[in-house]
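Side chains included, hydrogens not; waters and symmetry mates left out as well; all remaining heavy atoms used. Starting from 1, each residue takes its place in the sequence as its number.
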Amino acid sequence: MAAAAELSLLEKSLGLSKGNKYSAQGERQIPVLQTNNGPSLTGLTTIAAHLVKQANKEYLLGSTAEEKAIVQQWLEYRVTQVDGHSSKNDIHTLLKDLNSYLEDKVYLTGYNFTLADILLYYGLHRFIILEKFIQGFWITDQLFKVKLVIL
């Protein structure tokens, strides 16, 4: 899913009006948002955090210092580990690691739903569609539940 489409879905799930215009920059198509009252914002997680604040749903960024750090960790994971991986081995390893991490958790930060859960779901969506890559992974059931929560 292209970053602009993800950001539009995020806007919708946050209850924001669809007034933002996104463009992409560079070879990797990094998303850019031109704001009405300031400089443009660059990067998926930067723009997503901005949208969360715009919607007055900052609890999605974490409620404690530790939870905020974990959210940031998973947002970085999304951009550095999930995006750009497409080989079957990469996908298998990534899902196996996530599966192990989520064994004793409801959401990425433990028991609270956050922006990290939303963006990781969006990033993994293309793998979920390719079910042959993820059969047998518990994470698929959990992420489908996440989809139901955010829609």
S.K.: Please round to the nearest 0.5 Å and tell me the distance separating atom NZ of K68 and atom CD of Q72.
M.R.: 11.5 Å

S.K.: Just wondering, do L95 and L124 contact through their side chains at under 4.5 Å, heavy atoms?
M.R.: yes

S.K.: With the 4.5 Å side-chain cut-off for hydrophobic clustering, are L44 and I30 part of the same group?
M.R.: no

S.K.: Looking at every heavy atom in both L119 and A48, which two are closest together, and how far apart are they?
M.R.: CD1-CB, 3.7 Å

S.K.: Which residue pairs satisfy the ring-ring contact (aromatic ring centres under 6.0 Å, His included) criterion with at least one member in residues 50-77, sequence neighbours excluded?
M.R.: W74-Y77, W74-Y101

S.K.: Looking at CD1 of I47 and CG of N20, how far apart are the two atoms once the value is rounded to the nearest 0.5 Å?
M.R.: 9.0 Å

S.K.: What are the two closest heavy atoms between A116 and L75, and how far apart are they?
M.R.: CA-CD2, 3.9 Å

S.K.: Do K53 and L61 come within less than 4.5 Å of each other through their side chains, counting heavy atoms only?
M.R.: yes

S.K.: Ignoring hydrogens, what is the shortest heavy-atom contact between Y22 and L33? Give both atom names and the distance.
M.R.: CE2-CD1, 3.8 Å

S.K.: Does one hydrophobic cluster hold both L115 and V79, with members joined at side-chain heavy-atom distances below 4.5 Å?
M.R.: no

S.K.: Over all heavy atoms of both residues, which pair between Q81 and L94 is shortest? Give the atoms and the distance, please.
M.R.: O-CD1, 3.5 Å

S.K.: Are L9 and V32 linked, directly or through intermediate hydrophobic residues, by side-chain heavy-atom contacts shorter than 4.5 Å (ILVMFWY only)?
M.R.: no

S.K.: Check the pair E67 / S63 against side chain to side chain donor-acceptor pair (under 3.5 Å), numbers first and verdict last.
M.R.: CA-CA 6 Å; E67 193 173 76; S63 55; 3.0 Å; yes

S.K.: Tell me the closest heavy-atom pair linking L108 and I70, and the distance in Å.
M.R.: O-CG2, 4.0 Å

S.K.: Could you tell me which non-hydrogen atom of S40 sits nearest to which non-hydrogen atom of Q34, and how far apart they are?
M.R.: CB-OE1, 3.4 Å

S.K.: Tell me whether E66 at atom CD has more than 12 heavy atoms from other residues, nucleotides or ligands lying less than 6.0 Å away.
M.R.: no

S.K.: Working to the nearest 0.5 Å, report the span between OG1 of T45 and CZ of R78.
M.R.: 9.5 Å

S.K.: Determine whether the side chains of D90 and T93 contain a donor N or O and an acceptor N or O closer than 3.5 Å.
M.R.: no

S.K.: Using the rule given for side chain to side chain donor-acceptor pair (under 3.5 Å), can you reason through T114 versus D117, listing the C-alpha separation, both sets of side-chain angles and the distance that settles it, and then say yes or no?
M.R.: CA-CA 5 Å; T114 66; D117 296 289; 3.2 Å; yes

S.K.: In Å and rounded to the nearest 0.5 Å, what is the CG to CD1 distance from L14 to I118?
M.R.: 6.0 Å

